[in-house]
Amino acid sequence: MRKPIIAGNWKMNKTAEEAHAFIEAVKNKIPSNDNVDSVVGAPTLFLEKMVEDTKGTELKVAAQNSYFEDSGAFTGEVSPYALGELGVDYVILGHSERREYFHETDEDVNKKVHAVFRNGMTPIVCCGETLEQREAGETAEWIKGQITNALKDLTEGQVSNLVIAYEPIWAIGTGKSSSAEEADETCGVVRETVADLYNRAVSDAVRIQYGGSVKPENIAEYMAKDNIDGALVGGASLEPESFLKLLEAVK
Ligand SMILES: O=C(CO)COP(=O)(O)O
């Protein structure tokens with residue numbers, strides 16, 4: 001039985017003060033992580049304070065990116081070694097916005113996945129197709145390729161502990177969510193790809209989230225599906241009340 005995982009992705013929103021106020025508002029209301037893993041992905045600037053603010057609570061903190069080298073002459077980059085030292089639990093990797101605006105490739109994502117594991121954190125690896133690819137019937141092949149590349153040279157143990165977020169690009173921030181059936185079908189493609197690359201025990205263990213216009217009103221439809229183990233949520237994770245409702249719907 002896979003434990004659900006609900007992760008907010010704040011993207012480049014909030015100030016340090018707003019982030020602190022959010023944590024204060026939710027921290028005593030997070031459901032037990034015996035039932036659901038609750039995660040909030042914050043901008044790098046607030047991670048240290050968020051780790052401190054969430055100490056002793058059931059809420060975990062995610063970074064939204066990491067570089068693949070631990071240290072060195074990489075001006076402006078975020079060290080996975082420093083993130084691990086800080087006490088960050090998860091790192092969102094390969095989000096479609098990073099691929100589109102910052103030119104991240106599958107190879108970069110794979111190196112980052114290794115770096116995050118090496119530093120004791122859990123990667124949340126994103127994949128997803130464009131509307132053009134969906135309409136051309138290319139979704140399954142595209143997703144298989146992204147997953148195969150992202151998981152290159154990982155061990156069975158690592159992949160069993162991994163989180164994969166399937167986020168169709170056309171459903172992100174558009175209010176146009178994928179139907180639960182379509183989302184389940186593509187999350188099934190992700191799971192079968194993991195089974196082909198590793199084995200059934202690994203594909204049964206890996207947790208797969210759906211992301212793209214998830215809100216408190218529709219999260220239950222996704223969570224009812226066999227291949228969907230959680231959600232990666234942008235807009236609806238920004239307000240404490242809405243974030244708590246997402247968790248309530250799952251626990
Ligand atoms: O990109 C997303 C989460 O990573 C989804 O964003 P929205 O929930 O705002 O559509």
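One-based numbering, in listed order, for ligands and for the atoms of each.
Side chains of Phe68 and Pro80 form no contact here, defined as non-hydrogen atoms less than 4.5 Å apart. The closest side-chain heavy-atom distance from Val40 to Met50 is below 4.5 Å. Inter-residue side-chain proximity for Gln209 and Ile228 is flagged as unmet; no heavy-atom pair is nearer than 4.5 Å.
Between Thr186 and Arg134, the side chains place a donor N or O and an acceptor N or O closer than 3.5 Å (distance only, hydrogens not considered).
Listed by chain and number, residues touching ligand 1 at under 4.0 Å (heavy atoms only) are Asn9, Lys11, His95, Glu167, Ala171, Ile172, Gly173, Gly212, Ser213, Leu232, Val233, Gly234, Gly235.
Taking the six-membered ring where tryptophan is involved, the planes of Tyr166 and Tyr210 are tilted, since the angle between them lies from 30° to 60°.
Closest of all the heavy-atom pairs between Phe46 and Ala19 is CD1-CB, 3.7 Å.
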